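Take a look at the structure below.
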Amino acid sequence: MSCCSDFGCNKGTKILAVIFDLDGTLVDTGRAGRYVLTEFLAKYGKELDMEKEGKKRLGMTQKESAAIFVKDYELPLTPDQFIEEITPHYRERWADAKALPGANRLIKHLQKNRVPLALASNSIHEYIEAKISHHKGWKESFSVILGSDQVKSGKPSPYLFEEAAKEMGVDAINCLVIEDSFVGVQAANAAKMKVVAVPSRKEADCYVVADVVLHSLLEFQPQLWGLPHFDDWVDKALPIEPIHLSGLYVTGSLYETTGNAAFSLPDQVVGLYIGWAKVDTDRRNLKILNVCLIDDNSEDKSEQKMEINLVGYIKALDKELTSTELEKLTEYKSLARASLDLPSFSYI
């Protein structure tokens with residue numbers, strides 16, 4: 001993760017508006033999309049090759065992505081036929097696509113402080129409207145909503161962001177873009193805007209070209225950009241919208257076993273989280289720290305089915321704990337216990 005100095009990120013340029021990407025930045029549509037593609041290919045006797053998929057279609061327009069997909073899997077369809085056949089399946093899944101960690105919090109915070117917001121996506125406008133319709137208050141929060149079908153060309157061209165700034169009545173230099181894809185960051189750079197990247201693990205290129213790279217929107221510090229700071233921390237922890245997941249717990253690690261996207265962990269959940277666990281062999285509620293049980297008195301230490309509700313966030317951490325952080329594990333456990341005893345972090 002790259003970050004700005006204590007003196008801020010905007011270096012004298014006042015940020016007056018924020019422009020968000022949608023897919024992978026605010027909503028976890030990528031995970032839902034993979035389920036759709038897997039089911040779709042099965043009808044044609046094909047299997048989704050995740051290694052081959054990689055990141056090559058991230059940020060592309062619908063038609064660009066469809067053409068490549070049809071060619072890669074040698075489907076007996078034209079790109080237009082592919083779009084027509086698969087779109088109803090996507091629409092069904094979009095209803096289950098969850099807001100990514102910190103998305104609702106940041107949108108509400110900026111709207112509350114009257115910061116103009118725009119949504120600029122490589123999806124077509126009709127699909128953007130369909131996706132955000134499942135998230136309360138989102139449509140009303142954005143003064144501008146733009147799809148790639150409303151400009152000359154989509155990202156990595158700057159036109160989406162330039163048009164968003166124009167419609168908000170704000171100069172490009174005073175806009176901050178929040179993106180998840182390399183092509184989106186390229187577009188923001190081309191538009192001469194500041195850009196924060198919140199990429200998936202596949203989008204490592206963002207680290208080179210973005211002003212700041214974060215693991216999740218929970219790490220975003222608006223005050224570094226001259227925007228109003230958050231005031232929702234409770235002591236040393238942040239209450240979050242619950243993140244639900246389930247899987248097989250084996251000696252400190254949780255292995256996801258469900259096919260339900262609602263119970264899957266987004267890539268952006270990286271850091272120190274606290275919450276509650278329920279194990280099939282012991283119906284008591286157990287406090288958890290990441291996947292480290294801190295008050296588990298059950299005698300059965302073998303494989304156990306577990307459901308987890310993450311309800312709080314403490315700090316950013318990389319996937320692997322450093323030796324220094326491991327030494328502080330006792331301190332983190334103490335902080336987790338204290339926080340989970342507060343009403344703000346009650347079991348849901």
Side-chain angles (χ1 to χ4, degrees), residues 9-10 13-29 59 61 94 97-100 102-181 183-185 187-198 210-212 214 217 220-232 241:
C9 301
N10 49 338
T13 302
K14 187 172 181 60
I15 298 300
L16 300 176
V18 178
I19 306 173
F20 288 93
D21 173 55
L22 179 61
D23 300 293
T25 300
L26 296 178
V27 183
D28 191 16
T29 47
T61 64
W94 288 338
K98 302 297 183 182
L100 286 164
N104 276 311
R105 174 191 183 227
L106 181 53
I107 290 171
K108 291 176 182 177
H109 174 74
L110 295 176
Q111 184 189 40
K112 175 185 174 182
N113 287 282
R114 299 182 179 180
V115 178
L117 303 180
L119 198 55
S121 168
N122 262 357
S123 288
I124 65 174
H125 188 267
E126 177 188 354
Y127 294 169
I128 297 172
E129 293 278 356
K131 293 169 187 175
I132 67 175
S133 69
H134 302 290
H135 299 274
K136 185 177 180 181
W138 280 22
K139 184 174 182 179
E140 296 77 18
S141 297
F142 297 100
S143 59
V144 176
I145 299 175
L146 289 173
S148 60
D149 57 326
Q150 296 173 279
V151 293
K152 182 178 178 180
S153 62
K155 308 166 192 177
S157 298
Y159 303 121
L160 271 168
F161 293 141
E162 290 174 344
E163 181 62 23
K166 179 181 177 181
E167 293 192 20
M168 285 190 292
V170 179
D171 289 338
I173 196 173
N174 300 118
C175 291
L176 173 66
V177 172
I178 301 182
E179 265 282 356
D180 76 304
S181 70
V183 296
V185 175
N189 286 337
K192 310 299 184 186
M193 298 178 179
K194 295 294 184 180
V195 57
V196 172
V198 192
D211 292 292
V212 175
L214 307 176
L217 292 176
F220 183 75
Q221 299 181 62
Q223 68 273 18
L224 295 180
W225 300 95
L227 298 169
H229 62 79
F230 288 113
D231 58 1
D232 52 354
E241 296 178 11

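Worth saying up front: this structure is predicted, and the values here are computed from it rather than measured.
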Side chain to side chain, [X] and [Y], heavy atoms closer than 4.5 Å:
X      : Y      : value
Ile132 : Leu119 : yes
Asn104 : Trp138 : yes
Val115 : Ile15  : no
Ile178 : Leu106 : yes
Arg105 : Asp232 : yes
Val198 : Phe220 : no

State, to 0.1 Å, how close [X] and [Y] come at their nearest heavy-atom pair, and which atoms those are.
X      : Y      : result
Val195 : Ala188 : CB-CB, 3.8 Å
Ser133 : Ala130 : OG-O, 2.6 Å
Ala97  : Val27  : CB-CG1, 3.6 Å
Ala99  : His135 : N-CE1, 3.6 Å

In chain order, what residues pass the side chain to side chain contact (heavy atoms under 4.5 Å, CB included) check against [X], with sequence neighbours excluded?
X      : value
Gln150 : His125, Leu146
His109 : Asn113, Pro222, Pro228, Phe230
Ala190 : Pro158

Nearest-0.5 Å distance, [atom1] of residue [X] to [atom2] of residue [Y]:
X      : Y      : atom1 : atom2 : answer
Met168 : Asn174 : CE    : CG    : 10.5 Å
Leu117 : Glu140 : CG    : CD    : 12.5 Å
Asp231 : His229 : CG    : NE2   : 6.5 Å
Asp28  : Leu100 : CG    : CG    : 5.0 Å
Lys112 : Ser141 : NZ    : OG    : 14.0 Å
Glu163 : Lys152 : CD    : NZ    : 13.5 Å

- Message: Show me the pairs that pass ring-ring contact (aromatic ring centres under 6.0 Å, His included) and involve residues 139-161, at least two apart or across chains.
- Response: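 Residue pairs passing ring-ring contact (aromatic ring centres under 6.0 Å, His included), neighbours aside: none found.
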Can you name the residues that form a salt bridge (Lys or Arg N to Asp or Glu O under 4.0 Å) with [X], not counting sequence neighbours?
X      : result
Asp149 : none
Glu241 : none
Glu167 : none
Lys139 : Glu129

- Item | Tyr127: partners by ring-ring contact (aromatic ring centres under 6.0 Å, His included), with sequence neighbours left out |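 Tyr127 satisfies ring-ring contact (aromatic ring centres under 6.0 Å, His included) with Trp94 once adjacent residues are dropped.
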Expected list for residues 17-26: side-chain donor-acceptor pairs under 3.5 angstrom, two or more places apart:
residue: Asp21; atom: OD1; partner: Lys155; partner atom: NZ; Å: 3.0
residue: Asp21; atom: OD2; partner: Thr25; partner atom: OG1; Å: 2.9
residue: Asp23; atom: OD1; partner: Thr29; partner atom: OG1; Å: 2.7
residue: Asp23; atom: OD1; partner: Lys131; partner atom: NZ; Å: 2.9
residue: Asp23; atom: OD2; partner: Ser123; partner atom: OG; Å: 3.0
residue: Asp23; atom: OD2; partner: Lys131; partner atom: NZ; Å: 3.0
residue: Thr25; atom: OG1; partner: Asp180; partner atom: N; Å: 3.1
residue: Thr25; atom: OG1; partner: Asp180; partner atom: OD1; Å: 3.2

- Item | Leu16, CG: over 12 other non-hydrogen atoms inside 6.0 angstrom |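 Check passes, neighbour count above 12.
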- Message: Tell me whether Ser148 contacts the main-chain N or O of Asn122 through its side chain, where contact means a donor paired with an acceptor under 3.5 Å.
- Response: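 Looks like yes, one N/O pair under 3.5 Å.
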- Item | Donor-acceptor contact below 3.5 Å, side chain Ser157 vs main chain Ser153 |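 Checking the backbone N and O of Ser153 against the side chain of Ser157, no donor-acceptor pair under 3.5 Å is found.
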